[in-house]
Amino acid sequence: MSVILENPWLLGAVAGFVVINAMMVTAAWSIWFERKFAGAMQNRPGPTQVGWAGLLQPVADLLKLIQKEDIVPTNADRALFNLAPPLGMILVLAGLAVFPWAPGWVPADLDIGLLFILSISSLITIPVWMAGWASNNKYALLGGMRAAAQAVSFEVPLLLSALVPIILGGSLRLGDIVAAQADGRWFALWPPGPGSVAFVLFMLASLAEANRIPFDIPEAESELVAGITTEYVGMKFGLIYLAEYLHTAVSSLLGATLFLGGWDGPGPDGIHWLLLKSFALFAGIFWVRWTLLRYRADQFMALCWRVFVPVSLACVAVAAVWRVYA
Amino acid sequence: MDPENYDPEGDLMILNLGPQHPSTHGVFRVKLWLDGEVCIKAVPYPGYLHRGVEKLCEKLSYVMITPIVDKNDYVSPFINELAINMAFEALNAVETPRRANYLRTLGAEMQRVGSHLLWLGTFGLDMGGALGGGASVFMHCFRERELILDCFELWTGSRFHYNTLTVGGNRHDVPAGFAELVRQTYTLIGQRADEYDAMLVDNAIFRARTKGVGTVDAKLAMELGVSGPILRASGIDWDLRRDRPYAAYNEVKLDVPVRYEGDCFARYEVRMAELRESIRIVLDLIDGIPEGPICALKPVKLPGAYKGKVGQAYAAVEGPRGELGTWVIADGTDKPYRCKIRPPSYHAVSLIPYLAPGNNVSDIVVTLGSLDPILGEVDR
């Protein structure tokens, strides 16, 4: 045990193995959960056939995806087309390295952890755009272009609202930010005002980053057939789909860490609090998804620049003032 | 770039929206010339569902045509049957019994509710996607539509293609317990219509997506022969049920909803108002159906036994999508010589080249959905 803990390479390998596998399994079963959840919202049972209450549905889906013939469209850019899905997956998973799962449980305790995770997650636009460009499909091209425009816009309120916990916590290290929220002084609740508004803005901007409804225009299936994933089949499609779910999961984890106190909670602190909070946020994102319609591209760009950016700037200013004088 | 041979349209991306596309409501192709995402020019290409229904009508006897036209506008088969049988009755000067007229009015209004529900569901899909809030609208609308199909199943034995109307009247009388089932079903749907309004009208995204989008000018609509909810949403107060009453509509109280904006939201409002109005008519009618025979003619034993007169006739009904007309020319045999069907959706689809330019792809999809075209009827 001590050998593993003292050797950084071994520690990284073991922690990476555990975290990545845990997250992949969670993402796969969150698809089952989402389908059940959507079924409950729409007066239908959801998956019921494979396993008890359809619990083995993700396994069946995976087997189906693996069996599919791997088709690369004629005249597609083969290298980029094949590279995009795994690259997206790698970038999403890389962000998980710096999370403080529980007191002392940090796979890579970077002092610029938040900066790392935000920059990694903003890179995810590149594989999405790559997938759209390389497919040699007009719908995919439109989807990729929309994704790029959307990411450029929503990066701004995302970063600005993430500045609020940085200012309040006084550190870029995620562990310090969580520690600053100890004993229930979560930034979403205290100080009242900037933290709670920034929390809402952060979650909305994360929805846009992860291409979820109401901001899912890159794959808007009623307009662009399947957007960037139009030409993808089999496990490549599965990787893009899973990466999208993982991105949502990482956004919920980040939201819970930055604004809801991470592993802090009533009773003993620990990983269970982080998981509970992020799962609640995750379910909230599903709820939004199965309730709302989709914005038009120009409408939510306007929403971003005219509402999200000024409000998040105001949050930053108020948080800074509060930090200096209170 | 060669300035001599510069072709502004050559720089545009041509996108074939359809024939296999989730939001073309069937098999339909619109060719779009896109500058970025903004449409410069749009040309619709219908015809993928052409089955030669009008030619079939020339080859089949009068009694055999009814189940064929069921498949035209497959969302409101009852009203298709009504339109074609009214034309045959006008041709042969057959007077339908009072009870048959009442049952036809009842069936048409029941069907209109189902048709508008299906439109609302697919309109939601156009805006919210098959994996999102739109799917929830769709599922809820289909839940109600199933109940309506149950009512028709009890009445005619068939959920979809009824074959219940014939020349001179109806084939099926309503069974015992029908009134009770219809009353329960339509009262429930009336309550649920308020839930849809709460889900959509109170939603800022829905309003942003529909208000001011796809505005139809009243003059253009009249020039293209557009009718029904699209025309009424553009401010023209015209409804065949009130202005050229047929069946039992002259004995039914009817409010025609009219909006003046002409955009997708106005069309939504008109259709929802019509849905409520139809529910009210159904609930009014269900208790007041007069007693009597349901068909003026004796049922024929052989399909060819019924011979039509020589002449021609036109009959039109107000379908869920507008004026559904049938023009029939007869030569005295057991088959029509020519049978021309005027589908309202065909005229609605002809609005696309005027509505699409200047809009982006998202708005074109919403506009197309708000026109509510049924491609089986467009292509026939």
Side-chain angles (χ1 to χ4, degrees), chain A residues 31 34-35 37-46 137-146 148-150 204 207 211-227 229-230 241 244-245 285-303 307, chain B residues 12-18 20-25 32 34 36-38 121-144 146 192 198-200 202-213 359-369:
Chain A
I31 295 175
E34 172 162 22
R35 290 173 68 169
F37 190 84
M41 287 188 75
Q42 299 177 348
N43 300 292
R44 58 191 177 86
N137 179 305
K138 288 167 184 170
Y139 293 114
L141 178 66
L142 283 176
M145 290 299 178
R146 283 178 173 193
Q150 175 175 343
L204 286 175
L207 281 182
N211 301 334
R212 307 300 277 191
I213 279 178
F215 309 115
D216 74 328
I217 55 157
E219 62 167 89
E221 68 277 352
S222 57
E223 299 151 24
L224 301 182
V225 185
T229 58
T230 306
Y241 198 65
E244 198 178 278
Y245 269 86
I285 288 173
F286 290 160
W287 197 338
V288 168
R289 178 183 187 188
W290 292 99
T291 308
L292 292 184
L293 303 172
R294 180 187 298 125
Y295 264 119
R296 201 172 68 210
D298 58 312
Q299 283 169 345
F300 81 69
M301 298 300 176
L303 183 75
V307 181
Chain B
L12 304 177
M13 183 166 89
I14 296 175
L15 183 71
N16 271 307
L17 200 78
Q20 281 108 10
H21 188 276
S23 55
T24 49
H25 294 243
L32 301 173
L34 296 179
E37 247 201 75
V38 180
T122 51
F123 191 46
L125 276 189
D126 286 341
M127 267 181 294
L131 297 171
S136 300
V137 180
F138 182 76
M139 287 290 172
H140 284 83
C141 289
F142 264 61
R143 175 185 63 180
E144 269 71 271
E146 284 300 306
R192 295 222 171 122
M199 191 170 171
L200 294 172
D202 298 350
N203 184 333
I205 299 177
F206 178 77
R207 280 183 272 124
R209 287 303 302 276
T210 51
K211 279 197 174 166
V213 172
N359 287 321
N360 62 16
V361 177
S362 317
D363 279 347
I364 291 171
V365 165
V366 173
T367 307
L368 183 58

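All figures in this text were calculated on a predicted structure; none of them were measured in a lab. So that the names make sense, note that chain A is the first sequence line, chain B the second, and so on, each numbered from 1.
- Within the model, atoms CG of B/Asp126 and CZ of A/Arg294 stand 9.5 Å from one another, a figure rounded to the nearest 0.5 Å.
- Only the side chain of B/Asn360 comes within less than 4.5 Å of a heavy atom of chain A; its backbone N, CA, C and O stay farther away.
- For the atom pair CG of A/Leu293 and CZ of B/Phe123, the computed distance is 9.5 Å after rounding to the nearest 0.5 Å.
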Please report the C-alpha distance between A/Gln299 and B/Ser362 in whole Å, then the side-chain angles of each, then the deciding distance to 0.1 Å, and finally whether the side-chain contact (heavy atoms from CB on, under 4.5 Å) criterion is met. CA-CA 11 Å; A/Gln299 283 169 345; B/Ser362 317; over 6 Å; no

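- When each of B/Val137, B/Val365, B/Ile205 is scored by its heavy-atom pairs under 4.5 Å with chain A, the top score falls to B/Ile205.
- When all heavy atoms are compared, the tightest approach of A/Trp290 to B/Ser136 is O-OG, 2.7 Å.
- With A/Arg296 as the fixed residue, the side chain to side chain contact (heavy atoms under 4.5 Å, CB included) test singles out one of B/Val366, B/Val361, B/Val213: B/Val213.
- Contact count versus chain B (heavy atoms, under 4.5 Å) is highest, among A/Met145, A/Arg146, A/Met41, A/Arg44, for A/Arg146.
- Residues B/Leu34 and A/Lys138 are not in side-chain contact: their nearest non-hydrogen atoms beyond the backbone lie 4.5 Å or more apart.
- Both the backbone and the side chain of B/Leu17 come within contact range of chain A, with heavy atoms under 4.5 Å apart.
- With respect to chain A, the highest number of heavy-atom pairs below 4.5 Å among B/Met139, B/His140, B/Met199 belongs to B/Met139.
- Heavy-atom distances place no part of A/Leu303 under 4.5 Å from chain B, backbone and side chain included.
- Across all their heavy atoms, B/Ala208 and A/Tyr295 have their closest contact at CB-CE2, 4.4 Å.
- For B/Arg143, the part lying near chain A is the side chain, with the backbone staying farther off; criterion is any non-hydrogen pair under 4.5 Å.
- The most heavy-atom pairs under 4.5 Å with chain B, out of A/Leu292, A/Thr291, A/Leu141, come from A/Leu292.
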